[in-house]
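Just so it is clear, the values below take in all heavy atoms, side chains as well, and ignore hydrogens, waters and symmetry mates.
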Amino acid sequence: MENTRSHDSSSSIKLTDTNNVTKVSPDKIADRALKYSSVFWFISILLGQWFFFYYIFAFYGFSVINDNMEIWNRWEAMGAKPYHVGDFSGNLAFAAHAIGAGIVAFGGILQLIPKLRNTFPRFHKVNGYVYLITVFCLAISGFYLVWIRDLDPINSSGIGTTINGFLILLFAYFTVRNAINRDIKTHRKWALRLFVVSNAQWTLRVGTFSYLITGNLLGTKPAFGDLFFSLWTFGCYLLPLAVLQLYFFATEKHSQAIRHSYWKIATSTLLFVLTILMIIGMVGFTPFLLSVINNEEISF
């Protein structure tokens, strides 16, 4: 009888253990969804921004080295004329702004890799200094191009660039201050916000191509005069900031676990959808930039 009871008891324990192993709580599912969607976003933006870095230095970098800055005016067909004959300070500001965007695209994403940050802390610190100096130059050169070089700065593009520049300087300040105060958790939050606003140039272009491609796929016939472009001048940094804030909220601990799980699922779903739209823009943006680099005709 004792052996029988012992056998039944062990079977019950095994059954209970099996049930515990196979059962996954909604909160764990939500955690995994948020983790995988954020990794998906990170890998996608890394590939997109490193190609953008290649484009910046292949086009703008080599044009400066070869003293062939007139080539910038290939964008004149798109309504932009970056190179001005005899305007040394203006051309220098534009070169700093364009090349700075490339440095930010390459070095900024490295600051977000935890393993690299923990394994090579000195590199993280030095790269951080380079990144901060670059974003400062990015903001100042942007102010110069809008308010000194541009003959008509009072427009949506000029105002959007100005607000973006002030946000870069503000977020850089809080990033540095919290690092000095050893408040690493808060420092990383501000660093992520800084990463978002300092990459507005890239987000602006990727979002534009995503809008054009998805609009054509859906049959809405998008055009450059659409309201989207005026709104996206500000949305290219405000929308990512809003999603980032939702992400922060979703990763924090809350008393109501079930409701919190819903927030995680909602945030991960939104992040996944926006990443897909970002990839669509990247796919359209890539051949366009290759045609610019190869001196081919610019067309959509």
Side-chain angles (χ1 to χ4, degrees), residues 40-63 71-82 94-95 97-110 112 138 142 156-157 160-161 164 195-241 243-244 270-300:
F40 179 46
W41 169 84
F42 177 83
I43 293 173
S44 301
I45 202 170
L46 183 147
L47 295 174
Q49 294 213 313
W50 279 7
F51 176 76
F52 188 57
F53 166 79
Y54 164 73
Y55 155 73
I56 289 292
F57 279 87
F59 184 67
Y60 292 106
F62 280 104
S63 68
I71 199 175
W72 297 351
N73 288 346
R74 293 202 61 222
W75 290 104
E76 193 170 359
M78 304 295 297
K81 192 177 180 181
F94 184 85
H97 195 71
I99 294 173
I103 296 172
V104 166
F106 182 80
I109 199 75
L110 295 176
L112 306 183
L138 200 66
S156 60
S157 177
T161 300
N164 181 239
F195 175 80
V196 166
V197 296
S198 62
N199 282 290
Q201 286 191 57
W202 180 80
T203 310
L204 177 69
R205 288 155 177 77
V206 169
T208 296
F209 275 81
S210 181
Y211 173 77
L212 294 172
I213 293 171
T214 54
N216 280 306
L217 290 175
L218 296 173
T220 59
K221 297 181 180 180
F224 280 104
D226 294 349
L227 179 62
F228 167 82
F229 294 99
S230 297
L231 297 177
W232 189 237
T233 301
F234 305 92
C236 65
Y237 53 86
L238 295 180
L239 176 61
L241 277 176
V243 176
L244 180 62
L270 178 62
L271 188 57
F272 178 80
V273 171
L274 290 176
T275 303
I276 293 295
L277 291 173
M278 181 179 72
I279 291 173
I280 292 172
M282 287 162 49
V283 170
F285 195 33
T286 299
F288 178 81
L289 293 185
L290 288 174
S291 67
V292 174
I293 294 171
N294 297 325
N295 202 26
E296 298 172 358
E297 183 180 353
I298 296 177
S299 61
F300 288 94

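- With sequence neighbours left out, the side chain to side chain contact (heavy atoms under 4.5 Å, CB included) criterion links Ser198 to Val104, Tyr131, Val135, Ile168.
- Looking at Tyr60, its side chain never comes within 3.5 Å of a backbone N or O of Gly102 through a donor-acceptor pair.
- With hydrogens and angles disregarded, no donor-acceptor distance shorter than 3.5 Å links the side chain of Thr286 to the backbone of Val283.
- Looking at heavy atoms from C-beta onward, Asn164 lies out of side-chain contact with Thr161 at the 4.5 angstrom threshold.
- What you find for Gly235 and Pro240 is that their closest heavy atoms are O-CD, 3.3 Å.
- At least one donor-acceptor pair closer than 3.5 Å links the side chain of Ser210 to the backbone N or O of Leu277.
- Classified by interplanar angle (parallel below 30°, tilted 30° to 60°, perpendicular above 60°), the ring pair Trp72/Phe94 is tilted.
- When all heavy atoms of Ser63 and Ile71 are compared, the pair lying nearest together is CB-CG2, 3.7 Å.
- Interatomic distance, Leu217 CG to Ile213 CD1, rounded to the nearest 0.5 Å: 7.5 Å.
- Minimum interatomic distance between Leu271 and Val243 (heavy atoms only, all atoms of both residues): CD1-CG1, 4.2 Å.
- Counting non-hydrogen atoms of other residues, nucleotides and ligands closer than 6.0 Å to CZ of Phe62 gives a total of 12 or fewer.
- Nearest heavy atom pair, residue Gln201 against residue Ala101, reads NE2-CB, 3.6 Å.
- Remark: the backbone N or O of Pro222 is not paired with any side-chain donor or acceptor of Asn216 at under 3.5 angstrom.
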Let me have the donor-acceptor pairs involving side chains of residues 44-56, under 3.5 Å, with sequence neighbours excluded, atom names and distances please.
| unit_1 | atom_1 | unit_2 | atom_2 | d |
| --- | --- | --- | --- | --- |
| Ser44 | OG | Phe40 | O | 2.8 |
| Gln49 | NE2 | Asn199 | OD1 | 2.8 |
| Trp50 | NE1 | Phe106 | O | 3.3 |

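- At a threshold of 4.5 Å between non-hydrogen side-chain atoms, the residues Phe234 and Ser156 count as touching.
- Here the closest non-hydrogen pair linking Met278 and Val206 is O-CG1, 3.3 Å.
- Using a 4.5 Å heavy-atom threshold, the side chains of Leu239 and Trp232 count as touching.
- Among all heavy-atom pairs drawn from Gly108 and Phe195, the shortest one is C-CE1, 3.7 Å.
- Remark: Phe229 engages Thr208, Tyr211, Leu212, Phe224, Asp226 in a side chain to side chain contact (heavy atoms under 4.5 Å, CB included) (not counting sequence neighbours).
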